**Q** 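Pasting in a structure now, in structure tokens, and then I'll have a few things to ask.
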Amino acid sequence: MSGDLASSFSPADIEATLYQKWVSAGYFTADAASSKPAFSIVLPPPNVTGVLHIGHALDQTLQDCLSRMKRMKGFEVLWLPGMDHAGIATQNVVEKQLATDGKSRHDLGRDEFVKKVWEWKGESGGAILEQMKRLGSSVDWSRERFTMDEAMSNSVVTLFKKMHDAGLIYRAERIINWCPRCLTALSDIEVEHQDDSGEFVSVRYGEGEQSITVATTRPETMMGDGAVAVHPDDPRYKHMVGTSVLLPLVNRMIPIIADELVDPDFGTGAVKVTAAHDPNDFEMAVRHNVPFVVIMNEHGVMDGTGTEFDGMDRFEARVAVVEKLRSMGRIVAEKRPYIHAVGHCSRCEITIEPRLSKQWFVKVAPLAKASADAVRNGLVTIEPKELEPRYFDWVDNMHDWCISRQLWWGHRIPVWYGPNDEVIVVGPGETAPPDYTQDPDVLDTWFSSGQWAFSTFGWPEKTADLAKFYPTSVLVTGYDILFFWVVRMMMMSTFAMDGVPPFKTIMLHGLVRDQFGKKMSKSRGNVIDPIEFMDKYGADALRFTLARGANPGTDQALAEDWIGGSRNFATKLWNATRFAMMNGANIEGELPAADSLSAIDKWILSRLSETISEVDSLLEKYEFARACELLYHFAWDDLCDWYLELSKETFAGTDADKTKRVLGHVLDQLLRLLHPVMPFITEQLWTTLTGAESLVIAQWPVANAAHVDKASEKLVAEMQEIITDVRRFRNDQGIKTSLKIPARFVANGAIADYSSAMAFVLRLELGEITPSAKVEIGSVKVEFDLTGSIDVVAERARLEKDLAAAIKDKQTAEVKLNNDGFMAKAPESVVLEIRERLAKTSTDIERITAQLGALPKA
RNA sequence: GGGUGCUUAGCUCAGUGGUAGAGCGUCUCGUUUACACCGAGAAUGUCGGGGGUUCGAAACCCUCAGCGCCCA
């Protein structure tokens with residue numbers, strides 16, 4: 001049967017074929033009518049413009065691990081894939097394409113442009129989904145969704161109307177984040193704050209007694225000032241509150257107002273109030289009836305001030321205004337560079353301009369409260385729990401959400417305006433009166449992706465999918481989008497689904513960083529391309545590395561060397577399975593009864609049983625890293641380095657049937673356990689070993705408690721100690737590993753039965769000998785007949801090192817046992833353990849001392 | 001400024017009260033018929049500093065220092 005496995009493992013030879021096999025067999029297709037319990041995950045939809053990056057690879061590896069494990073556990077698993085239409089990002093891509101022909105979207109017109117975007121999507125969009133297949137993601141392709149699909153659109157319009165009717169959507173004139181390049185409003189989360197180098201200028205307003213100095217980073221907006229504000233308790237300005245000062249450049253009188261919002265310790269303690277161009281100023285203006293003076297157009301160009309600055313870009317104007325003020329002697333102080341946080345468009349990086357405009361908003365307070373309560377009441381669990389405070393911090397302090405975008409690519413706002421300013425929301429299947437016109441804007445992308453957990457199941461129709469798979473079992477995503485997407489999913493789902501949140505658990509993982517823990521970025525040149533590494537090392541190696549690094553909620557560093565290490569692990573599995581099969585490992589019939597097995601067989605079954613229960617419980621707790629670590633060491637250390645080695649003597653003999661069966665069982669179970677993390681290689685090995693159809697639909701291992709055998713574990717631990725010590729002796733003595741040494745075991749009890757197994761591993765020739773050297777471990781003595789004399793210096797060094805270690809251990813134990821407090825208060829088991837340690841070290845010291853004394857003088 | 005983490009072997013990180021661990025790297029030896037993508041052996045840590053609690057602290061508390069992230 002081993003002929004079925006190539007002599008070396010080549011991932012590229014099996015991956016694509018196996019994936020195709022799984023998809024064709026329909027293993028990933030969920031059945032809503034199934035009687036099995038449901039386990040569902042919706043894939044956080046990647047942008048249609050995106051390519052697979054290492055973060056996706058991590059995210060999907062973890063989701064696939066869970067999906068595959070649950071499938072093996074007998075759940076009806078649905079992992080639903082799809083993509084996000086990514087409004088601004090996608091529109092930008094297509095606009096850029098048009099620009100190469102010197103065209104803008106306006107040259108095409110709205111309908112033509114949207115058609116163009118769809119064309120682009122058909123040709124180049126969604127490359128990422130093909131790349132997912134490389135990873136082995138077990139998603140249900142028959143249910144692939146796109147946030148701009150008609151069904152999604154139906155959901156979006158229905159929910160918009162429902163929210164509007166509930167008073168949760170309103171239209172208002174507010175200061176919003178405006179991108180002067182994308183020419184659209186943005187929500188708070190689409191703005192990235194960076195520390196920029198700017199300037200901080202103090203300008204004197206007014207004349208003589210009636211003057212006040214304001215400090216600002218945005219002098220160019222002063223022509224839009226409607227007031228100057230001070231803190232009500234500020235003694236410097238108290239007498240001026242209620243009076244007016246002259247606003248330079250435009251020569252307008254503006255009032256001095258008092259507002260708590262002003263920080264008297266900041267700058268001069270007096271700030272200009274530019275109601276139409278700053279969110280804080282806007283708030284103050286509303287409180288004090290300060291007029292809104294608009295001085296800039298949508299492109300960020302000065303407009304309507306009636307000064308020479310009209311027509312200048314905002315940054316040009318900033319310089320020019322300060323220059324003019326300086327010539328007028330009105331600049332009191334200047335500070336450059338002044339480092340402060342400035343908002344940038346997350347899509348094009350241009351500086352955001354706060355802009356007064358009429359937009360649609362979601363009133364988030366009641367939604368956010370329901371979302372917070374769902375977690376507080378335990379309806380939804382956040383894993384790891386340490387990230388809960390971050391979640392609460394966010395949902396408890398949320399601003400209303402601006403959802404209208406001045407774009408063409410997206411779900412059009414289902415609002416129509418009548419000739420006399422009537423406003424109606426047109427739901428699915430409804431039509432607006434003929435003389436009405438639709439709002440030209442589209443909805444924020446998050447408004448549709450926020451519905452992903454139920455719109456994908458066919459809501460608002462009462463579908464079988466919805467009934468079976470909502471709420472989803474777990475959401476797996478990076479903590480970096482907790483506030484972007486997760487919170488929106490929570491809010492919209494909980495509202496739409498009558499209080500049932502979209503998932504039972506939110507499992508948050510960290511970011512993948514470079515080998516030094518630095519953020520990956522194009523400019524640093526430290527970006528790891530998952531495709532490149534899958535080509536080089538195989539998908540399983542990449543997946544194993546990522547899963548092994550995935551400690552809950554924390555970032556992980558990733559280096560090519562470590563992926564190489566996982567590839568080595570895959571190769572190890574391959575070779576071990578090949579070797580096992582060459583030796584007749586099989587799964588025929590029942591496992592032999594425990595009392596008929598050797599201690600070595602019983603030991604590996606015991607270790608297997610422990611590994612199964614630990615790995616299972618760790619995976620259920622989303623402890624991927626620790627689960628992988630256990631599997632790695634069970635496979636490499638216990639199975640390969642010890643069990644296979646210790647079994648070689650048995651395989652060389654005539655009574656190997658039971659061991660062949662045990663080995664077959666252990667491999668069978670191990671491959672099942674590893675399958676969720678390393679689906680390809682395990683499938684190949686397991687189907688070869690068992691001849692069964694597929695590991696994808698095989699059963700998840702269940703620990704057999706009866707196999708746990710502490711006595712055998714202790715015995716094998718003793719054997720390991722003996723073997724290690726003899727190896728060290730051989731090594732210190734410079735005896736070639738290939739050289740067989742005549743030797744004899746002097747041992748009593750169970751350990752004596754395994755002399756030949758140990759001798760095989762150690763390359764000792766057992767027989768009656770005249771000993772010329774020995775190694776003693778506890779009560780076991782291994783004597784050797786070395787033809788020449790031994791290297792006394794090396795042997796003395798070895799023994800002295802052991803002696804020193806034993807003396808040190810003995811002292812630590814003595815100190816504890818002589819400590820009255822310890823004896824009085826430490827639990828009995830601990831005291832017992834220390835006593836045993838003392839006894840062991842004492843005999844060790846005696847024995848080693850005697851051995852040292854018996855050594856010939858150098 | 002508000003919040004929240006982190007500091008353990010050369011690097012990246014596990015380790016929630018009982019003799020300090022892993023992977024990668026390093027050194028020595030090795031063509032032992034699964035595997036050199038391997039095997040065997042070895043070296044390496046006042047667990048950031050200081051104080052405290054405790055019979056016992058890498059772990060719990062206080063404090064200082066340094067680094068990071070999120071939000072403003």
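Lettering follows sequence order; numbering is per chain, from 1. Everything numeric here is computed off the predicted structure, so don't read it as measured data.
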**Q** Roughly how many Å is it from OH in A:Y479 to P in B:C6, rounded to a whole number?
**A**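 To the nearest whole Å, that distance equals 13 Å.
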**Q** Kindly point out which of B:G3, B:U19, B:C38 is positioned nearest to the side chain of A:W636?
**A**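 The closest nucleotide is B:C38.
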**Q** Phosphate oxygens OP1/OP2 of B:C38: is one of them under 4.0 Å from a side-chain N or O of A:N568?
**A**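 For A:N568, the contact criterion (side-chain N or O under 4.0 Å from OP1 or OP2 of B:C38) is met.
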**Q** Would you call A:D802-A:R728 a salt bridge at under 4.0 Å N-O?
**A**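 The answer is yes: the pair qualifies as a salt bridge.
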**Q** Between B:G41, B:C11, B:G18, which nucleotide has the shortest distance from any of its atoms to the side chain of A:P827?
**A**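 Selected nucleotide: B:G18.
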**Q** The side chain of A:E645 is closest to which nucleotide in this list: B:C55, B:A34, B:U19?
**A**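 For A:E645, the side-chain atoms sit closest to B:A34.
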**Q** So which one's nearest nucleotide on RNA chain B is more toward 5', A:C640 or A:L558?
**A**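 Its nearest nucleotide lies further toward 5', so the answer is A:L558.
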**Q** Taking only side-chain N and O atoms of A:K801, does any of them lie within less than 4.0 angstrom of OP1 or OP2 on B:A43?
**A**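 Yes, such a contact exists.
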**Q** Check this for me, if you would: do A:R218 and A:E353 make a salt bridge, where the nitrogen-to-carboxylate-oxygen distance has to be below 4.0 angstrom?
**A**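 Between A:E353 and A:R218 there is a salt bridge, with a charged N closer than 4.0 Å to a carboxylate O.
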**Q** Is the Lys NZ or Arg CZ of A:K648 less than 6.0 Å from the centre of A:F579's six-membered ring, within 45° of the axis?
**A**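 Yes; both conditions hold, so A:K648 lies above the ring face of A:F579.
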**Q** Quick one: is A:R763 getting a side-chain N or O under 4.0 Å of the B:U32 phosphate, OP1 or OP2?
**A**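 A:R763 to B:U32 OP1/OP2: no side-chain N or O under 4.0 Å.
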**Q** Return the nearest nucleotide to the side chain of A:A576; candidates are B:C13, B:A34, B:G41.
**A**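 The nucleotide sitting nearest to the side chain is B:A34.
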**Q** Looking at B:G41, B:C24, B:A34, which one has an atom nearest to any side-chain atom of A:D561?
**A**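 Closest nucleotide among those given: B:C24.
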**Q** Can a donor-acceptor pair under 3.5 Å be found between the side-chain atoms of A:R390 and the base atoms of B:C70?
**A**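 For A:R390, whose side chain was compared with the base of B:C70, there is no donor-acceptor pair (under 3.5 Å).
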**Q** I'd like to know if A:D396 and A:R376 make a salt bridge, using a cut-off of under 4.0 Å between side-chain N and carboxylate O.
**A**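 Salt bridge between A:D396 and A:R376, a charged N being under 4.0 Å from a carboxylate O: yes.
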**Q** Under 4.0 Å between a side-chain N/O of A:K648 and OP1 or OP2 of B:A34, yes or no?
**A**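 Indeed, a polar side-chain atom of A:K648 lies that close.
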**Q** Indicate whether OP1 or OP2 belonging to B:C37 is found under 4.0 Å from a side-chain N or O atom of A:S566.
**A**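 So the side-chain polar atoms of A:S566 never come under 4.0 Å of the phosphate oxygens OP1 or OP2 of B:C37.
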**Q** Using Watson-Crick or G-U wobble geometry with both distances below 3.5 Å, tell me the partner of B:G21, or none.
**A**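 Checking every strand shown, B:G21 finds its partner in B:C13, with both distances under 3.5 Å.
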**Q** Got a salt bridge between A:E383 and A:K621, using NZ or NE/NH1/NH2 to carboxylate O under 4.0 Å?
**A**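 Looking at A:K621 together with A:E383, the answer is no, because their closest N to O distance does not fall below 4.0 Å.
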**Q** With respect to the side chain of A:A557, which nucleotide from B:U31, B:A40, B:U12 is positioned closest?
**A**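 That would be B:U12.
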**Q** Any strand counts, and the cut-off is 3.5 Å on both contacts for Watson-Crick or G-U wobble. Which nucleotide pairs with B:C67?
**A**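 Its partner is B:G5.
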**Q** Rounding to the closest angstrom, what is the interatomic distance between B:G45 and B:A20 at atom C1'?
**A**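 To the nearest whole Å, 8 Å.
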**Q** Indicate yes or no: does A:E776 engage A:K774 in a salt bridge with an N to O separation below 4.0 Å.
**A**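 So A:E776 pairs with A:K774 through a salt bridge.
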**Q** Please tell me which of the listed nucleotides, B:U12, B:C55, B:C35, lies nearest to the side chain of A:N819?
**A**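 Within the option list, the nearest is B:C55.
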**Q** Of the nucleotides B:G41, B:U19, B:U31, which has the atom closest to the A:R728 side chain?
**A**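 Minimum distance to the A:R728 side chain belongs to B:G41.
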**Q** Could you tell me whether the phosphate oxygens of B:A72, OP1 or OP2, come under 4.0 Å of any side-chain nitrogen or oxygen in A:W394?
**A**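 Indeed not, no polar side-chain atom of A:W394 lies that close.
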**Q** A:M582 has a side chain; which of B:C24, B:C37, B:A34 sits nearest to it?
**A**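 Of the candidates, B:A34 comes closest.
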**Q** B:A22, B:C37, B:C13: which one has an atom nearest the side-chain heavy atoms of A:R567?
**A**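 Out of B:A22, B:C37, B:C13, the nucleotide with an atom closest to A:R567's side chain is B:C37.
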